[in-house]
Amino acid sequence: MRGSYTSTQPGERFRVSGTYNLPGLDQRRSELAQLSLGGAWQLGEYVSVAGEAAYTRTRSGTYPDDIATDRLSFSPLAVGVRWDVSPTTDLYFTGRLNQVFTWVDGELQPPGGPLPVLAVTLDRCCWAAQFEADLLLKRYRFSVGLPGSGFNTLLERNSSGLAVPLLTP
């Protein structure tokens with residue numbers, strides 16, 4: 001069973017969704033598989049705040065000896081600031097903290113610390129470009145976006161080296 005609710009008003013957004021598995025041919029247990037909630041608020045014309053939390057449960061192995069992996073991820077605070085560069089161009093500075101907790105077969109794995117992520121987005125009327133830096137993971141991305149689509153990563157630098165995801169099969 002799946003359910004979701006979204007409420008939007010000018011300057012506000014709230015979303016909650018969930019999936020509950022019922023016994024059937026592919027699933028022999030009743031259990032919560034996914035739950036997420038998030039919200040965003042525009043504070044005037046130039047500042048926004050947002051937050052999200054998500055829980056997922058996956059299983060590996062075969063029933064009845066399968067092992068559950070539970071993941072709880074938080075992005076409790078994201079702050080964005082907009083700067084008007086010109087009538088057709090805006091520049092956004094965004095910072096957020098991410099935190100992930102994982103349980104394997106009911107045992108909490110060592111959690112990582114909060115992960116700060118910084119982004120700079122140049123938004124033109126017809127396209128956008130974004131540079132994102134995950135400081136602790138030392139991952140850097142350059143992406144572009146077009147109206148009606150998400151950002152597509154053009155270049156990514158991480159511990160494995162430099163990658164061009166659009167050209168990598």
Side-chain angles (χ1 to χ4, degrees), residues 1-9 12-41 48-80 94-119 121 128 130-169:
M1 289 189 322
R2 274 189 192 161
S4 65
Y5 172 77
T6 302
S7 173
T8 58
Q9 296 180 21
E12 296 180 9
R13 177 187 52 83
F14 175 75
R15 172 192 47 79
V16 62
S17 67
T19 302
Y20 190 81
N21 290 336
L22 297 172
L25 296 174
D26 294 337
Q27 169 72 28
R28 297 187 183 239
R29 293 183 174 88
S30 293
E31 64 186 0
L32 182 64
Q34 178 270 331
L35 181 64
S36 64
L37 61 102
W41 296 268
S48 64
V49 295
E52 292 187 14
Y55 164 81
T56 57
R57 169 171 271 191
T58 56
R59 291 194 170 271
S60 59
T62 56
Y63 180 84
D65 299 320
D66 53 351
I67 295 174
T69 299
D70 299 298
R71 185 172 188 247
L72 185 59
S73 60
F74 292 102
S75 291
L77 181 62
V79 177
T94 308
R96 72 178 186 269
L97 289 175
N98 299 331
Q99 178 88 45
V100 177
F101 298 93
T102 304
W103 290 263
V104 176
D105 204 19
E107 187 174 319
L108 178 63
Q109 304 302 300
L115 302 173
V117 178
L118 303 174
T121 306
Q130 182 178 70
F131 174 76
E132 181 181 271
D134 189 323
L135 302 175
L136 290 180
L137 293 179
K138 296 182 180 169
R139 181 179 63 206
Y140 308 94
R141 293 181 184 161
F142 178 72
S143 307
V144 294
L146 298 173
S149 71
F151 281 95
N152 296 304
T153 302
L154 294 178
L155 295 171
E156 181 172 333
R157 170 96 170 124
N158 57 34
S159 60
S160 301
L162 184 64
V164 183
L166 289 178
L167 300 178
T168 306

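A distance of 12.0 Å separates OH in Y55 from OG in S73, rounded to the nearest 0.5 Å. To the nearest 0.5 Å, the span separating OH on Y20 from CZ on R2 amounts to 15.5 Å. For the atom pair CD of E31 and OG1 of T19, the computed distance is 11.5 Å after rounding to the nearest 0.5 Å. Taking CD from E132 and CZ from R139, the interatomic distance works out to 6.5 Å, rounded to the nearest 0.5 Å. Taken from CH2 in W41 to CZ in F14, the straight-line distance is 8.0 Å, to the nearest 0.5 Å. We find the OG1-CH2 distance between T69 and W103 to be 12.0 Å, quoted to the nearest 0.5 Å.
Classification of the F101-F74 ring pair by plane angle, with boundaries at 30° and 60°, yields perpendicular.
Using a 4.5 Å cut-off on side-chain heavy atoms (C-beta onward), Q34 and S17 make contact. A heavy-atom distance below 4.5 Å is not found between the side chains of Y140 and L155. Looking only at side-chain heavy atoms (C-beta outward), L77 and L97 stay at 4.5 Å or farther from each other. Counting heavy atoms from C-beta on, the side chains of L154 and N152 never come closer than 4.5 Å.
In terms of heavy-atom proximity, L32 sits nearest to R57 at O-CB, 3.7 Å. Here the closest heavy-atom approach between residue L115 and residue D134 is recorded as CB-OD1, 4.3 Å. For the pair S75 and N98, the tightest heavy-atom approach, listed with the atom from each and the gap, is OG-OD1, 2.6 Å. Listed here is the closest heavy atom pair of R29 and P64: NH2-O, 3.7 Å. When all heavy atoms of A78 and R96 are compared, the closest pair comes out as CB-CB, 3.6 Å. Listed here is the closest heavy atom pair of N158 and E156: ND2-OE2, 3.2 Å.
In the displayed structure, R28 atom CZ is contacted under 6.0 Å by at most 12 heavy atoms of other residues, nucleotides or ligands. Other residues, nucleotides and ligands contribute more than 12 heavy atoms inside 6.0 Å of the CZ atom of R15.
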